[in-house]
Amino acid sequence: MRQTFADTVNVGEFLERYRRSNIEFVGSGLYHPVYPLIPPADWDAQTEWWLGLGRHLLGREKFGGFWPPEMGFCMEMIPMLKRHGYQYVLVDSIFLKPKREMRWEELRYRPYLARHDGAEIIVVPRDRELSNAQLSGLDPGWFQHEIRERTKSCDFPALVTTWTDGENGGWFRATQIESGFWGFFYRPILDRYRAGTLGFVPIHISEYLRRFPPTEEVEVHRGAWNTEHHWGGDFTQWTGSLLQKRGWDEVRRASDYYWKVKEEFDAEQESANNREEARNLIRRAFDHLLVAETSCNFYWGSSWVHKSFNDLEQVYYLLDQAKAKME
């Protein structure tokens with residue numbers, strides 16, 4: 001990558017600036033899977049492998065927050081996230097399930113605790129409407145006014161959190177900085193804050209949670225963020241077509257086969273013949289399995305599901321080879 005983009009950017013210097021920055025990075029899944037749709041047996045690897053890469057590239061030993069790819073979240077993920085050291089997880093505001101009647105602003109601008117199977121984590125709601133508004137163009141003055149109107153009835157310190165997938169849009173990736181998100185919106189917002197005219201304070205999520213730790217518990221419905229044609233609660237974007245459904249069936253079968261072969265391998269004597277060769281084949285198969293779980297393979301209706309099938313074929317081929325080595 002360094003050589004490929006050398007005439008445009010110094011990638012090493014780029015990463016070093018990230019390491020020195022005060023940005024609060026959050027973790028995710030290495031191959032961007034929709035966690036509630038992939039086999040839970042594979043959750044730890046997707047999460048742990050991202051952490052290893054994040055520590056290496058971003059220069060952080062710990063990542064306090066977790067961003068679920070596609071905002072795909074379910075309560076069953078909580079014990080896994082806690083095992084990997086996460087303090088909080090971002091969730092879509094519309095999926096909060098309060099245990100009492102809550103006002104509109106409480107559901108959007110206040111973190112809560114969520115518990116599952118003895119584990120506890122903080123859930124930080126994302127304001128879905130404001131996040132949609134910033135997707136492809138946003139005026140800083142409008143945003144400033146909207147924040148004031150949306151939080152004026154809050155009798156608690158409001159945490160307004162917006163989050164948008166900007167990797168595919170020109171608004172976030174504009175080469176002319178002044179006409180994109182960072183120059184047209186983000187920089188003016190910070191300039192107004194420095195001038196004392198903004199009316200609210202930018203803050204790291206971890207700092208807010210340190211100053212105002214949540215005490216109230218909620219539950220969270222299964223769901224993902226809204227896409228162009230779907231609201232996210234039923235995962236239709238990734239599961240709606242016949243081929244998508246078949247793809248997920250094959251992912252589950254391949255995962256089951258991997259763990260079966262892995263268990264057989266672990267039960268073998270250390271001195272077994274061809275053990276190292278079998279180990280390498282199993283490792284390669286697992287990598288193909290995790291890649292097959294990438295959300296983009298399923299996002300585009302039936303168009304890209306073949307990409308998942310291609311990797312799953314490699315999973316079976318490599319595992320069959322490994323079993324032959326173990327016989």
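Note: hydrogens, waters and symmetry copies are ignored here, and every other heavy atom, side chains too, is used.
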Pair Asn226-Asn132, side-chain contact (heavy atoms from CB on, under 4.5 Å): steps then yes or no = CA-CA 9 Å; Asn226 53 307; Asn132 288 345; 3.2 Å; yes

Please report the C-alpha distance between Asn280 and Glu276 in whole Å, then the side-chain angles of each, then the deciding distance to 0.1 Å, and finally whether the side-chain contact (heavy atoms from CB on, under 4.5 Å) criterion is met.
-> CA-CA 6 Å; Asn280 290 334; Glu276 195 58 34; 3.8 Å; yes

Can you check side-chain contact (heavy atoms from CB on, under 4.5 Å) on Ile78 and Arg115, steps first, answer last?
-> CA-CA 7 Å; Ile78 293 175; Arg115 298 184 177 96; 5.9 Å; no

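Less than 6.0 angstrom separates the ring centroid of Tyr18 from the ring centroid of Phe25. A ring-centre distance under 6.0 Å is found for Phe298 and Trp248. Between Trp67 and Trp225, the distance from one ring center to the other falls under 6.0 angstrom.
A donor-acceptor pair is defined here as one N or O able to donate and one able to accept, closer than 3.5 Å; no such pair exists between the side chain of Arg55 and the backbone of Arg60. Distance alone, capped at 3.5 Å, is enough to place a donor-acceptor pair between the Ser93 side chain and the Arg126 backbone.
When hydrophobic clusters are built by joining Ile, Leu, Val, Met, Phe, Trp and Tyr residues whose side-chain heavy atoms come closer than 4.5 Å, directly or via intermediates, Phe156 is grouped together with Trp104. Hydrophobic clustering keeps Leu289 apart from Leu318 (ILVMFWY residues linked when any side-chain heavy atoms are closer than 4.5 Å, directly or through intermediates). Note on Phe309: it clusters hydrophobically with Tyr257, by side-chain heavy-atom contacts below 4.5 Å among ILVMFWY residues. By the criterion of side-chain heavy atoms lying less than 4.5 angstrom apart, applied directly or through intervening Ile, Leu, Val, Met, Phe, Trp or Tyr residues, Met77 is not grouped with Trp163; the two fall into different hydrophobic clusters. No continuous path of ILVMFWY side-chain contacts below 4.5 Å connects Phe63 to Ile122, so the two sit in separate hydrophobic clusters.
Between Phe143 and Phe200, the ring planes are perpendicular. Angles over 60° get that label, and only those under 30° would be called parallel. Using the six-membered ring where Trp is involved, Phe181 and Phe185 have ring planes that are tilted, between 30° and 60° apart. Ring-plane geometry between Phe286 and Tyr258 is classed as parallel, the angle between the planes falling under 30 degrees on a 0 to 90 degree scale with a further cut at 60. Between Trp49 and Tyr31, the angle of the ring planes goes over 60°, which puts this pair in the perpendicular group of the 30/60° scheme. In this pair, Trp171 and Phe184 present their aromatic rings perpendicular. The plane angle is above 60°, beyond the 30 to 60° band. Ring-plane geometry between Tyr208 and Phe212 is classed as tilted, the angle between the planes lying from 30 to 60 degrees on a 0 to 90 degree scale.
For Arg83, the CZ atom sits in a packed shell: over 12 heavy atoms of surrounding residues, nucleotides or ligands are nearer than 6.0 Å. Counted within 6.0 Å of CD on Gln176, heavy atoms from surrounding residues, nucleotides or ligands total 12 or fewer; the atom is thus considered open. Within 6.0 Å of CD on Glu178 lie more than 12 heavy atoms contributed by other residues, nucleotides or ligands. No more than 12 heavy-atom neighbours from other residues, nucleotides or ligands sit within 6.0 angstrom of CD on Glu263. Residue Arg284 qualifies as open at atom CZ: its count of foreign heavy atoms under 6.0 Å is 12 or below.
We find that Lys323 and Glu327 are not joined by a salt bridge, their nearest charged nitrogen and carboxylate oxygen being 4.0 Å or further apart. With respect to the salt-bridge test (charged N to carboxylate O, under 4.0 angstrom), the residues Asp234 and Arg222 do not qualify. Contact check on Asp266 versus Arg279 returns no salt bridge, with no Lys/Arg side-chain nitrogen under 4.0 Å from an Asp/Glu carboxylate oxygen. Under a 4.0 Å N-O distance rule, the pair Glu129/Arg108 qualifies as a salt bridge.
Not counting sequence neighbours, Thr294 has no partner by the side-chain hydrogen bond (donor to acceptor under 3.5 Å, both in side chains) test. By the side-chain contact (heavy atoms from CB on, under 4.5 Å) test, Lys99 pairs with Glu217, Glu219, sequence neighbours left out. For Arg148, the side-chain contact (heavy atoms from CB on, under 4.5 Å) test picks out His145, with sequence neighbours left out. Residues forming a side-chain hydrogen bond (donor to acceptor under 3.5 Å, both in side chains) with Ser295 (at least two apart in sequence, or on another chain): His32, Glu70. The side-chain contact (heavy atoms from CB on, under 4.5 Å) test applied to Glu24 returns Tyr88, His204, Ile205, Ser206, not counting sequence neighbours. Not counting sequence neighbours, the partners of Thr151 by the side-chain contact (heavy atoms from CB on, under 4.5 Å) test are Tyr109, Ile147, Cys154, Ala158, Val160.
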